[in-house]
Number of protein chains: 2
Amino acid sequence: MDTEAVEKVVRMPSVKRLPGYLCILRRFQMQGRELVSTTHLAEEIGLAPIVVRKDLEITGITGKPKVGYPVPELIEGIENFLGWNNATDAFLAGVGCLGSALMGYQGIRNNGLNIVAGFDNDPAKIGSTVHGRSILPLKKLPDLVRRMHVRIGILTVPADAAEEVAQMMISAGIKGIWNFTTVDLKTGPDIVVQKEDLSSGLAALSVKLKRAKEKKEEETES
Amino acid sequence: MDTEAVEKVVRMPSVKRLPGYLCILRRFQMQGRELVSTTHLAEEIGLAPIVVRKDLEITGITGKPKVGYPVPELIEGIENFLGWNNATDAFLAGVGCLGSALMGYQGIRNNGLNIVAGFDNDPAKIGSTVHGRSILPLKKLPDLVRRMHVRIGILTVPADAAEEVAQMMISAGIKGIWNFTTVDLKTGPDIVVQKEDLSSGLAALSVKLKRAKEKKEEETES
DNA sequence: TTTTTATCGATATATTTTTATCTATTATAC
DNA sequence: GTATAATAGATAAAAATATATCGATAAAAA
């Protein structure tokens, strides 16, 4: 159908590793490095060179044999691929511990996302500012989403409010939800939900620790 | 070698989904439900029943046809598999925005991890308490790790201090590090590191949103 | 200039993870 | 009792992901 139907498959694991490369590359750039090979990148990030090369492939940036990739070009390529070159506005709902932390988290601001305001139901919070951004009443969210054409919502409300607030976001026009609650949101197919689950990371840590311990005990036995 | 070498493979994706089931199952238990089928669990969590069945397999708990799994047994089975039945002590280093949030985050406390103290270098923070836990000077961490036999460290320090503090933890006897920094820690093979990377989640969200948008535009064209 | 070495890029293989199929089991309805 | 439907559990196929191999290329060294 297209003149050039490349139909490149985008593997999620690769996408998720891109910010890691980006972070290292930005440091290299500050150090004045012009070129970087996958070998060096792999060493920095603790992965195999082959993984790095495969990952960078999706950005479309090409390197030169014996030399590597040009650092600035690679940074731009990754930012471009992720759409992080011009920051996207986002609203955050639920200014609790985690919500406040996210509003002040530098890592988000550096990565193409601009939290323009926080929303909450707590009268004590409404009207105040958190890390320079004002906290507004939750009921004002839909109207502001429409007026400012905000497409991304960050959900840090308590579990029992998650579904309701998510629906509020969606019906106002939010297209992507970064979900920090434990709730599995029921949304239509055109809404993108990224669930950020701390407990799954903890589960992975627990199991890996348990296995490491068992392995050590086996070794001691023999 | 063993009398019963079952040699069951533990798939990480399955492990990471277990906390999700656990959360739902606890709610079911509060509602007084005695039994649950994978069909119902799958519906709740938004996955295919077959996935759920495969995942629950690793806990060793068995269900009955036409009936399902006994809820309390399944909860215990998952908690047992993850080692979440008796809480593990942990230290947190770096009481900034994110560190404070984690110290107050209920999800951690409910899931087998007990943050007993926070550590920081900032004199303004030292001596205070955050969510009921005291903040101690970072240099006291190694001694306390040894005396209290703490095995898990949570790393929420700034990027440039990450490697140093991690080494401090490891040489004191910490075996598992929950790493919230952007740094890829260089550790030995017997140290387990779980990197919790918000930016990779954001990358996934960005790409999924971009693809959804492109798809919609294609549909509009035709 | 020729050789050597590092590295990319493409292709191929292996592994892991997901999804599907089939059979056996058990409660419920008839 | 017997038939039926729902569901676990085992096995198999497919898809996704990770890893390895190899030739080509460009810079540096001989």
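Convention: sequence-line order gives letters A, B, ...; per-chain numbering from 1.
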(message) What contact category does R11(A) fall into here, base, sugar-phosphate, or nothing, at under 4.0 angstrom with non-hydrogen atoms?
(response) sugar-phosphate

From CG of L35(A) across to P of dA28(D) the rounded distance in Å is 11 Å

Whether D197(A) side chain and G201(A) backbone form a donor-acceptor pair below 3.5 Å: no

Whole-Å distance, E73(A) CD to dC8(C) P, equals 14 Å

Between Q167(A) and K186(A), is there a donor-acceptor pair closer than 3.5 Å when you use the side chain of the first and the backbone of the second? yes

When T62(B) and P13(A) are each assigned the nearest nucleotide of DNA chain D, the 5'-most assignment goes to T62(B)

With L41(B) as partner, the option from V51(B), L56(B), L47(B) fulfilling side chain to side chain contact (heavy atoms under 4.5 Å, CB included) is L56(B)

Rounded to whole Å, the NZ-C1' distance (K54(B) to dT19(C)) equals 10 Å

Rounded to whole Å, CD1 of I50(B) lies from P of dT11(D) at a distance of 14 Å

Within residues 63-70 of chain A, those residues having any heavy atom closer than 4.0 Å to DNA chain D are P65(A), K66(A), V67(A)

### Query
Do D190(B) and K216(A) sit within salt-bridge range, that is, some charged N less than 4.0 Å from a carboxylate O?
no

On DNA chain D, more 5' by nearest nucleotide between T38(B) and A48(A) is T38(B)

- So, the side chain of K213(B) versus the backbone of K208(B): is there a donor-acceptor pair under 3.5 Å, distance only? no

Separation of dA6(D) atom P from E43(B) atom CD, nearest Å, is 14 Å

* So, are E79(A) and R26(A) salt-bridged, with charged N and O less than 4.0 Å apart? -> yes

Requested in this report: Look only at the side chain of N114(B) and the backbone of V116(B), and say whether a donor-acceptor pair between them is shorter than 3.5 Å.
Outcome: no

Taken to the nearest whole Å, CG/L56(B) to P/dA8(D) is 9 Å

- Query: So, is the end of the K195(A) side chain (NZ or CZ) under 6.0 Å from the ring centre of F180(A) and within 45° of the ring's axis?
  - Reply: no

R53(B) CZ to dA6(D) P, in whole Å, measures 14 Å

Separation of dT7(D) atom C1' from H40(B) atom NE2, nearest Å, is 11 Å

One would report the end-axis bend of the helix from dT1(C)-dA30(D) to dC30(C)-dG1(D), five pairs per end and rounded to 10 degrees, as 0°

Verify, without hydrogens or angle tests, whether R133(B) (side chain) and M103(B) (backbone) share a donor-acceptor contact under 3.5 angstrom.
-> yes

